[in-house]
Amino acid sequence: EESLVESGGGSVQAGGSLSLSCTASGFTFGGATLGWYRQYSGNQCKMVVLVERDGRTSYPDSVKGRFTASQDNAKNVMYLQMSSLSPQDTAVYYCAATLGGQLPPFVYCGQGYKISWGQGTQVTVSS
């Protein structure tokens, strides 16, 4: 069974940095589309980074230059490095992966066709 387990997150002051990690089991990252989302309204999530199968990454303007995604395919772990954090970045963050579907920019957290999700981890940025 495919699963993703997140770690990291926590609390930080504005301007600080945090890292998240996401470990996969039951499948490998090779050939998967990967992403990180954050919850922004109710149970709705918006993407903060997309890692396509060929390794290309894309970020929305809101996090571009501050968030960096990376992965270690040998360990089946992906990472999200966040810097210059502001209170507006406070949210529950989720990693997601799909082998046969797509990762949309907006989706209900934990849902979506053929999308595996991490359990979510809280990031709180204080001013």
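Note that the structure is a prediction, hence the values are computed from the model and not measured.
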Enquirer: Taking side-chain hydrogen bond (donor to acceptor under 3.5 Å, both in side chains) as the test, write out the residues that go with Glu6, two or more places apart.
Expert: none

Enquirer: Only counting residues at least two apart or in another chain, list the ones meeting side-chain hydrogen bond (donor to acceptor under 3.5 Å, both in side chains) with Thr121.
Expert: none

Enquirer: Do any pairs count as a side-chain hydrogen bond (donor to acceptor under 3.5 Å, both in side chains) and have a residue in residues 104-119, sequence neighbours left out, and if so which ones?
Expert: Glu2-Ser116

Enquirer: Which pairs, with at least one residue in residues 88-127 and sequence neighbours excluded, count as a disulfide (SG to SG under 2.5 Å)?
Expert: Cys22-Cys95, Cys45-Cys109

Enquirer: For Val77, what are the other residues in its hydrophobic cluster, where any two members join if their side-chain heavy atoms are less than 4.5 angstrom apart?
Expert: Tyr79

Enquirer: Scan for salt bridge (Lys or Arg N to Asp or Glu O under 4.0 Å) pairs involving residues 7-32, sequence neighbours excluded, and state none if there are none.
Expert: none

Enquirer: Where do Gln71 and Asn73 come nearest, in terms of heavy atoms and distance?
Expert: NE2-OD1, 2.6 Å

Enquirer: Please collect all salt bridge (Lys or Arg N to Asp or Glu O under 4.0 Å) contacts where either partner lies in residues 68-88, sequence neighbours excluded, each pair once.
Expert: none

Enquirer: Taking only residues two or more places apart in sequence or in another chain, which ones pass side-chain hydrogen bond (donor to acceptor under 3.5 Å, both in side chains) with Thr124?
Expert: Gln122

Enquirer: Excluding sequence neighbours, so at least two apart, what forms side-chain contact (heavy atoms from CB on, under 4.5 Å) with Ser126?
Expert: Gln13

Enquirer: Quick test of your reading: applying side-chain hydrogen bond (donor to acceptor under 3.5 Å, both in side chains), list the pairs with at least one residue in residues 15-30, sequence neighbours left out, ordered by first then second residue.
Expert: Ser3-Ser25, Ser7-Ser21, Ser19-Gln81

Enquirer: Looking at residues at least two apart in the chain, or sitting in another chain, which of them share a ring pair (Phe, Tyr, Trp, His ring centres under 6.0 Å) with Phe106?
Expert: Tyr40

Enquirer: Which hydrophobic side chains are connected to Tyr93, either touching it within the sub-4.5 Å cutoff or through other members that do?
Expert: Leu4, Val12, Leu18, Leu20, Phe27, Phe29, Leu34, Trp36, Val48, Val49, Val51, Tyr59, Val63, Phe67, Met78, Leu80, Met82, Leu85, Leu99, Val123, Val125

